[in-house]
There are 2 protein chains.
Amino acid sequence: MTDKLPACPVEITLQLIGNKWKVLILRDLLDGTKRFGELKKSVTGITQKVLTSNLRSMEESDLVTREVFPEVPPRVEYTLTEIGYSLKPILDSMAVWGYEYKSRLNK
Amino acid sequence: MTDKLPACPVEITLQLIGNKWKVLILRDLLDGTKRFGELKKSVTGITQKVLTSNLRSMEESDLVTREVFPEVPPRVEYTLTEIGYSLKPILDSMAVWGYEYKSRLNK
DNA sequence: CGGTATCCAATTTGATACTG
DNA sequence: CAGTATCAAATTGGATACCG
């Protein structure tokens with residue numbers, strides 16, 4: 001996270017969410033706080049290892065916070081920070097485009 | 001490209017541009033038609049092999065067209081299709097976010 | 001110039017087992 | 001439950017050479 005930032009703003013964004021899994025994690029956290037296990041279910045196809053490493057990296061970039069509840073069994077919750085939440089417009093435009101791309105194919 | 005499309009519109013979009021290089025190629029082609037060599041220069045850090053394979057896959061998804069001019073030396077131009085161009089709002093929101101993320105760090 | 005082919009190194013991922 | 005550790009397998013990436 002102490003990487004130097006590229007000059008191009010698009011590249012800055014890519015540096016933080018330029019990977020499929022992060023976008024999907026983001027999509028699901030935009031609906032609200034989720035537990036590790038919930039994310040594992042909702043982000044279809046992701047493995048535990050990959051989910052963990054992406055969450056760690058998103059934590060480092062201050063996109064998500066991780067809260068551990070000292071219970072048995074343990075519970076860990078992930079929540080978007082304000083910065084993380086501010087990515088919503090990007091996700092929204094991706095959703096709009098995907099939807100229209102699909103409609104177009106059905107014509 | 002005959003892959004089945006996911007139900008989630010965000011995933012559809014990711015299937016087509018869910019990789020760093022495609023986004024950067026897109027960013028540069030939004031400014032207009034470019035030759036292979038120009039892209040290789042403007043997409044900093046990309047290798048010939050990776051540029052070629054991404055352009056092929058974007059062609060298959062109908063995001064770009066490839067035009068070969070039978071000259072010596074040969075010239076090959078890449079242009080966004082209408083569908084490819086319609087991705088602009090996504091790139092725009094990524095640029096806006098990246099810009100604001102950077103400003104925030106400077107405070 | 002704009003590729004393709006080949007080979008090899010590096011990175012990423014997957015599967016499984018184990019633990020506080 | 002939410003991880004970490006480990007090792008093998010698969011995918012991706014770089015370097016180089018060659019071609020129409």
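A, B, ... follow the sequence lines: proteins, then strands. Residue 1 opens every chain.
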Would you please name every residue forming a salt bridge (Lys or Arg N to Asp or Glu O under 4.0 Å) with A/E38, sequence neighbours left out?
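Testing A/E38 for salt bridge (Lys or Arg N to Asp or Glu O under 4.0 Å), a comparison that skips the adjacent residues, returns none.
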Who passes ring-ring contact (aromatic ring centres under 6.0 Å, His included) against B/W21, sequence neighbours left out?
none
Checking [X] now: which residues fulfil side chain to side chain donor-acceptor pair (under 3.5 Å) with it, not counting sequence neighbours?
X	answer
A/T33	A/T79
A/E67	none
A/S86	B/W97
A/K88	A/D92

Contact boundaries of DNA chain C with chain B (under 4.0 Å, heavy atoms), 5' to 3'?
C/dC1 to C/dC7
In residues 29-48 of chain A, what residues come within less than 4.0 Å of DNA chain D, judged by heavy atoms?
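Listed by number, they are A/R35, A/F36, A/G37, A/Q48.
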Using a heavy-atom distance cut-off of less than 4.0 Å, which residues of residues 68-79 of chain B contact DNA chain D?
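Nucleic-acid contacts, sorted: B/P74.
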B/N19 CG - D/dG13 P separation (whole Å):
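My rounded result for the distance is 8 Å.
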Please give, in whole Å, the distance from D/dA2 P to A/R56 CZ?
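In whole Å, D/dA2 P lies 12 Å from A/R56 CZ.
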Runs of at least three Watson-Crick or G-U pairs with DNA chain C, cut-off 3.5 Å
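Listed by first number, the stems are C:1-20 with D:1-20.
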Residues A/E77, A/R75: salt bridge by 4.0 Å N-O rule
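Yes.
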Should we say atom CD of B/E82 is surrounded by more than 12 heavy atoms from elsewhere, each under 6.0 Å from it?
no
Return no unless some side-chain N or O of A/R66 is found under 4.0 Å from OP1 or OP2 of D/dA2.
no
Establish whether B/V96 and B/V23 are linked, either directly or via other cluster members, by ILVMFWY side-chain heavy-atom contacts under 4.5 Å.
no
Do any N or O atoms of the protein come closer than 3.5 Å to N or O atoms of nucleotides 7-12 of chain D, and which pairs are they?
none

With rounding to the nearest 0.5 Å, note down the distance linking CD in A/E60 to CG in A/L16.
11.0 Å
Could you grab the distance from atom CG of A/N19 to atom CG of A/L14, nearest 0.5 Å is fine?
10.5 Å
Residue from A/V76, A/L80, A/V43, A/L39 passing side-chain contact (heavy atoms from CB on, under 4.5 Å) with A/K34
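The side-chain contact (heavy atoms from CB on, under 4.5 Å) with A/K34 is passed solely by A/L39 among A/V76, A/L80, A/V43, A/L39.
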Looking only at side chains, do A/T65 and A/T81 share a donor and an acceptor under 3.5 Å apart?
no
Exercise: do B/T47 and B/K40 side chains pair donor with acceptor under 3.5 Å:
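Result is no, nothing qualifies.
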Residue pairs, two or more places apart or on separate chains, that pass ring pair (Phe, Tyr, Trp, His ring centres under 6.0 Å) and touch residues 29-86 of chain A:
none
